[in-house]
A.B. asks: 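Let me begin by handing over the structure; questions about it come next.
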Amino acid sequence: MRRKLAAGNWKMNGTADDLAQIEALTAAFAAPSVDLLICPPATLIAQMVWKKGAHPLAIGGQDCHTAAKGAHTGDISAPILAAAGATAVLVGHSERRTDHQETDALVSVKATAAYDAGLTAVICIGETLAEREAGTTLDVVRNQLAGSIPDAATAANTVIAYEPVWAIGTGKIPTIEQIAEVHGFIRSELTARFAAEGEGMRVLYGGSVKPSNAADIFAVADVDGALVGGASLKADDFGPIITALEATV
Ligand code: PGA
């Protein structure tokens with residue numbers, strides 16, 4: 001059985017004042033029955049790791065460079081994230097793909113850099129609105145999976161986040177049937193390529209997950225949790241999403 005995962009992506013939000021949210025979250029879920037991950041701005045990783053103490057909450061980065069170190073001003077590497085206490089890193093988020101022209105091939109090398117540093121790679125994929133309307137969603141997803149996931153991926157080192165680009169930060173979500181179709185397709189692609197390891201990889205849904213829609217999304221087969229942006233910033237919003245996920249286990 002795949003252990004469910006509620007992941008929060010704080011994006012470019014958060015300062016030391018927001019460590020109070022971590023305190024509230026770990027107090028509210030002292031012994032969570034699902035895995036929890038927060039990916040804050042890199043400046044907060046070490047402080048969050050310290051703040052959470054022995055709590056099983058995992059802390060992750062939002063991106064990593066392909067190289068372990070070197071002359072790359074402004075970038076951060078997977079070993080540096082790991083040394084700060086991170087255990088996971090997002091790679092290929094649609095905002096990175098759009099803002100920084102990241103390709104599937106680059107994302108795959110970043111995922112490999114994550115593995116080399118002992119980090120779990122949360123590999124993000126998803127179609128644009130134009131691709132959805134053109135009826136090419138499954139083709140896009142197939143190509144992103146094929147190009148973004150390294151051959152060395154395992155159930156332990158890789159999580160897939162399916163995030164329709166048009167659902168991120170918009171308040172719009174696909175229908176339950178659309179989510180079920182894509183998640184079922186992703187599962188079949190993963191098992192075809194990675195056999196039992198592919199069966200064990202978690203596939204998260206992301207894009208406008210909120211307390212009000214979380215339970216419906218989590219009821220879908222092959223949805224193993226969520227990657228949450230805006231609603232992960234406050235424990236009062238993320239808490240009910242975690243509770244909805246816990247209700248499925
Ligand atoms: P959102 O972001 O929940 O604010 O839509 C999700 C994401 O980008 O991971």
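Positions are given from 1 along the sequence. All values reported here derive from a predicted model rather than from experimental measurement. Each ligand, and each atom within it, is numbered from 1 in the order the structure gives.
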A.B. asks: Using a 4.5 Å cut-off on heavy atoms from C-beta on, say whether the side chain of V91 contacts that of C124.
C.D. replies: no

A.B. asks: Look at ligand 1 and say whether K210 reaches it with a heavy atom at a distance under 4.0 Å.
C.D. replies: no

A.B. asks: Would K11 count as being in polar contact with ligand 1, using the rule that some N or O on each side must be under 3.5 angstrom apart?
C.D. replies: yes

A.B. asks: Between E133 and A130, is there a donor-acceptor pair closer than 3.5 Å when you use the side chain of the first and the backbone of the second?
C.D. replies: no

A.B. asks: With a 4.0 Å cut-off on N to O distance, would you call R2 and E199 a salt bridge?
C.D. replies: yes

A.B. asks: I need the L190 CG to L145 CG distance, nearest 0.5 Å.
C.D. replies: 6.0 Å

A.B. asks: Taking heavy atoms and a distance under 4.0 Å, where does N9 meet ligand 1: side chain, backbone, both or neither?
C.D. replies: side chain

A.B. asks: Pull out every atom of ligand 1 sitting under 4.0 Å from any heavy atom of H93, numbered as shown with elements.
C.D. replies: 7 (C), 8 (O), 9 (O)

A.B. asks: Among all protein heavy atoms, pick out the one at the shortest distance from atom 4 (O) of ligand 1; state its residue, atom name and that distance to 0.1 Å.
C.D. replies: G230 N, 2.9 Å

A.B. asks: If you count the atoms of ligand 1 from 1 in the order shown, which ones are under 4.0 Å from a heavy atom of A167?
C.D. replies: 5 (O)

A.B. asks: Using heavy-atom distances only, which candidate in A226, A231, G171, G169 approaches atom 5 (O) of ligand 1 most closely?
C.D. replies: G169

A.B. asks: Do any heavy atoms of S232 fall under 4.0 Å from ligand 1?
C.D. replies: no

A.B. asks: Measuring only between side-chain heavy atoms, which start at C-beta, is V89 closer than 4.5 Å to T120?
C.D. replies: no

A.B. asks: Can you pull out the closest protein heavy atom to atom 7 (C) of ligand 1? Residue, atom name and distance to 0.1 Å, please.
C.D. replies: E163 OE2, 3.0 Å

A.B. asks: Would you mind listing which atoms of ligand 1 come within a distance below 4.0 Å of any non-hydrogen atom of L227?
C.D. replies: 9 (O)

A.B. asks: Can you say whether the rings of Y205 and H183 are parallel (under 30°), tilted (30 to 60°) or perpendicular (over 60°)?
C.D. replies: tilted

A.B. asks: S208 heavy atoms, cut-off 4.0 Å: which ligand 1 atoms fall inside?
C.D. replies: 1 (P), 3 (O), 5 (O)

A.B. asks: In the protein, what heavy atom is nearest to atom 3 (O) of ligand 1, and what distance, to one decimal place, separates them?
C.D. replies: G229 N, 2.8 Å

A.B. asks: Same cluster or not: I160 versus V209, using hydrophobic residues (I, L, V, M, F, W, Y) connected whenever any side-chain heavy atoms lie under 4.5 Å apart?
C.D. replies: yes

A.B. asks: Among I168, L227, V228, L233, exactly one meets side chain to side chain contact (heavy atoms under 4.5 Å, CB included) together with N9. Which residue is that?
C.D. replies: L227

A.B. asks: Which residue is it: I45, L81, L90, I59? I am looking for the one with a side chain to side chain contact (heavy atoms under 4.5 Å, CB included) to C39.
C.D. replies: L90

A.B. asks: Go through ligand 1 atom by atom and flag the ones less than 4.0 Å from a non-hydrogen atom of G207.
C.D. replies: 5 (O)

